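Report on the following structure.
A quick note: this is a predicted structure, and the numbers were derived from the prediction, not measured.
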Amino acid sequence: ESRAEERWRSRATDRTGEAHGASQKQRNPDRMIVLYFCVSLSYMFFNMFNTVCMCVCVCIGCLIEQLTEEKYECMVCCEVIRVMAPVWSCQSCFHVFHLNCIKKWARSPASQADDGTEGWRCPACQHVALKAPNAYTCFCGKVTNPEFQRTEIPHSCGDMCGKKRSGGECNHPCNILCHPGPCPQCPAFITKSCICGRMRKQVRCSQTGPLLCEDVCGALLNCSEHFCAQVCHSGPCQPCRLRVQQACFCGVAFREAACGTDREKMLDCQSHRCQQLCHPGQCQSCPLSPKLVRSCSCGQTPLSKLLELGYPERKTCTDPISSCGKTCNKPLPCGDGDSVHLCEKLCHEDSCGPCSLTSSIKCRCGSNSKEVPCAAIQTEQDMVFTCEKRCNKKRSCGRHKCGELCCVDVEHKCSMICGYKLNCGLHRCQDLCHRGNCQPCWQTSFDELACYCGETVLFPPIPCGTRPPECKNLCTRSHDCDHPVFHSCHCEERCPPCTYLTKKWCMGNHEQRSNIPCHLQDISCGLVCDKLLPCGSHHCKKICHRGECQAEGECKQPCTHPRASCGHPCAAPCHPGTPCPPTICSAKVALQCDCGRKKETVPCADAASSYQRLKHGTLSDNVLLLKWSNLCIWLFSHRLECDQECATLERNRRLAEALQIDQSVDTFKSASSKYSDSLKEDARWFKF
């Protein structure tokens, strides 16, 4: 890092010296850092709008590509949308469906809105639409049943879109060809004024949010005496926060109060005070003045008629208003939507109520209602309550559900933070949850970015997430082997495996293999291991392997020690250090008769039982002295008895010896045939 810093400072000093002369070469290069910072900020904000437009264009391009290549699937039937098939596009999420599929979906009960209102929900974004689709139109809606042209976008009319762009106050129509998806942001420039009106600036038409300057607002506050001292801001100005000395109306008493508060001036009658908020100019006349009051309190009988009936005349505003004696019948704030409750008192001056009836009030969302006493309803706000029903509609981001109790929101804007990882892979999106791709990471580094060896350098500003530059020099890291290095400098911690061809012994040291890459460690020659096992009697039968031959347990190979009784191997699992167990021998033994014609294979145990029978029956003492193995062979060779066929063969053999006939020559096969083949074939079918 120190070498890279010195190199960057030297280059910055050289460039500054070329512009300002050789005398300024030793100037501190901190100004270059400030210059890089200013250039990068201007570059970043200049490309901010272009990045947003690029994301929208990429979305439109993906839709066009999938529709053209017939790779876009309908969410209702999960089938590919063909270029000739009639389609319908949602104007909220811009998903494309088969026209017949969306018609069936709109008629199905599953598409009805959850809150019971009229309309049907889009299968993708859950947007409620009142009118069901019934026609195949292009994306801009100008042409019905558009014809497919190979040179145009499928399902489009080929003309300019012309739709009004969503968001903002842009009046320019979309100027690209009829397309799927949302219209891109307006690229036009307009002259826009800031909130205070002191600055005018050329901005993009699609730029949302108010334009703010750095001057003081200066608007007149609610007190009509002081001016707003905040920097140009959006929304109304805050009330005046100054504390002033207010005098009473006679000028004797004083008090400290917030500027602009209500002083409750005395009206012209000098009996009542003004009930309005602090206002400029003169207060209105007293509303109880005899000149203004023309009827009784309920408003049903004029005071002139009451004067004729003998009621006293009002002289001042403090005199009571004569009562007509009728029922008041003024409308109360309670009541249902179909009926209005009326005041049941007799004509009176004070406020009406309370009502003795009950009212059915609805919640804010209109899905629930309940009966409450009218006495609990004092204002119109008491006619509405909040139910416990949670809203299941999706928010504007399309990812989260609203989840609010008794929701009355129309837009359902998502207030959660996006939190997705940005393209740099290091930071997360801090914007409110939104649709589409997140904007690129705006963080920028003003340090040089060099490769591992330091020969290749990227100069600032460097966007976040930029990988180190590609270096074509050979890798200079330390390696485990001393073979020549063939790979280039890299930023990964581990180097690629060494592929230099070497000679290595196999894992069992059976043979040395050639042309083996250096990074390969365990090499098998494919031969049997054949190492002596710990038992001392068997050899390993595995293919050349690594590690110990007998990794688990004891040797399981059959014992090869000869039995004392018959001489056959023991065949029991290996038992080193212990005598062979007394088991029945299962080896196969071949038997034959005296002439050798009959042959038979029997287990060794059956032959031993036959020997025991002969031993007690017919054998002499001399035979018993023979070894067990030789006796078994003698017994096995004489155990089978000759049958009639053996006797016939023996007779023929003796007759041949007497007549001096060579039995090895077959006289019938050597004799020539006296009959034709056709005659022999007929003779086979002839019955005697």
Taking atom CG as the centre, does L501 end up with more than 12 heavy-atom neighbours from other residues, nucleotides or ligands that are less than 6.0 angstrom away?
yes
Look up atom CG in L426 and atom SG in C464, then write down how far apart they are to the nearest 0.5 Å.
5.0 Å
Below 4.5 Å, heavy atoms only, C-beta onward: do Q557 and L533 meet side chain to side chain?
yes
When you measure from the side chain of N423 to the backbone N and O of C441, does any donor-acceptor pair fall under 3.5 Å?
yes
Mind running side-chain contact (heavy atoms from CB on, under 4.5 Å) on C471 and S488 for me, showing each step along the way?
CA-CA 7 Å; C471 181; S488 302; over 6 Å; no
Looking only at heavy atoms, what is the nearest atom pair of I81 and V96, with distance?
CD1-O, 3.6 Å
If you measure from NZ on K504 to CD1 on I516, what distance do you get to the nearest 0.5 Å?
8.5 Å
Quick one: does any side-chain atom of R390 pair with a main-chain N or O of G403 as donor and acceptor, under 3.5 Å?
yes
Side-chain contact, heavy-atom cut-off 4.5 Å: K394 with H400?
no
Taking the six-membered ring of F94 as reference, does the cationic atom of R435 (NZ for Lys, CZ for Arg) lie under 6.0 Å from its centre and within 45° of its axis?
no
To the nearest 0.5 angstrom, please state how far the CG atom of L432 sits from the SG atom of C397.
10.0 Å
Tell me, do C495 and C475 make a side-chain contact under 4.5 Å, heavy atoms counted?
yes
Taking side chain as C-beta onward, heavy atoms only, is L63 less than 4.5 Å from Y72?
yes
Scan side-chain atoms only and decide if R563 and T583 contain a donor-acceptor pair under the 3.5 Å cut-off.
yes
Are there over 12 heavy-atom neighbours, none belonging to E470, within less than 6.0 Å of that residue's CD?
no
How long is the gap from NE2 on H155 to NE2 on H179, to the nearest 0.5 Å?
15.5 Å
Starting at NZ of K393, measure out to SG of C125 and round the result to the nearest 0.5 Å.
11.0 Å
Neighbour count >12 (heavy atoms, 6.0 Å) for atom NE2, H561:
no
Taking the side chain as every heavy atom from C-beta outward, state whether E79 and C74 have any pair of such atoms under 4.5 Å apart.
no
Between H575 (side chain) and T578 (backbone), is there a donor-acceptor pair under 3.5 Å?
yes
Using a 3.5 Å distance criterion without hydrogens, assess whether the side chain of K542 forms a donor-acceptor pair with backbone atoms of C549.
yes
Is NZ or CZ of R428 both nearer than 6.0 Å to the six-membered ring centre of Y420 and within 45° of the ring axis?
no
Please answer whether the main-chain N or O of E152 pairs with a side-chain N or O of S156 as donor and acceptor at a distance below 3.5 Å.
no
Salt-bridge test for E650 and R653: reply yes if a basic N is under 4.0 Å from a carboxylate O, no otherwise.
yes
Looking only at atom types and distance, does a side-chain atom of R395 sit under 3.5 Å from a main-chain N or O of C402, one as donor and one as acceptor?
yes
Can you tell me if T68 uses its side chain to pair, donor with acceptor, with the backbone of E65 under 3.5 Å?
no
Tightest non-hydrogen contact, residues C529 and H510, listed as O-NE2, 3.0 Å
Less than 4.5 Å apart, any side-chain heavy atom of I176 and any of P184?
yes
Please check if atom CZ in R546 has more than 12 non-hydrogen atoms from other residues, nucleotides or ligands closer than 6.0 Å.
no
Shortest non-hydrogen contact from C544 to I523?
SG-O, 4.3 Å
Contact between C570 and P581 at the side-chain level, heavy atoms closer than 4.5 Å - yes or no?
yes
H95 and M75: side-chain contact (heavy atoms from CB on, under 4.5 Å), yes or no, with the steps?
CA-CA 9 Å; H95 273 78; M75 288 185 61; 3.6 Å; yes
Residues W105 and C122: closest non-hydrogen pair is NE1-C, 4.3 Å
For L649 and R597: C-alpha separation, side-chain torsions, deciding distance, then whether side-chain contact (heavy atoms from CB on, under 4.5 Å) applies.
CA-CA 9 Å; L649 292 176; R597 187 189 67 81; 3.4 Å; yes
Below 30° counts as parallel, above 60° as perpendicular, anything between as tilted: where do the rings of Y500 and F486 land?
parallel
On a heavy-atom basis, which atom in C489 and which in C453 lie closest, and how many Å separate them?
SG-N, 3.7 Å
Which is it for S524 and I543 under the side-chain contact (heavy atoms from CB on, under 4.5 Å) test, yes or no, and what are the steps along the way?
CA-CA 8 Å; S524 177; I543 302 299; 4.1 Å; yes
Can you tell me how far the SG atom of C585 sits from the NZ atom of K588, to the nearest 0.5 Å?
10.5 Å
Give the ring-plane orientation class for H487 versus H479, where under 30° counts as parallel, over 60° as perpendicular and anything between as tilted.
perpendicular
Minimal heavy-atom distance between K503 and S514, with the atoms involved, is CE-OG, 3.8 Å
Beyond-backbone contact of H545 with D522, side-chain heavy atoms, under 4.5 angstrom
no
Would a distance-only check, ignoring hydrogens and angles, find a side-chain to backbone donor-acceptor pair under 3.5 Å from H539 to K531?
no
Heavy-atom count around E492 CD within 6.0 Å, excluding the residue itself: above 12?
yes
May I ask you to decide if C414's main-chain N or O and S396's side chain share a donor-acceptor pair within less than 3.5 Å?
yes
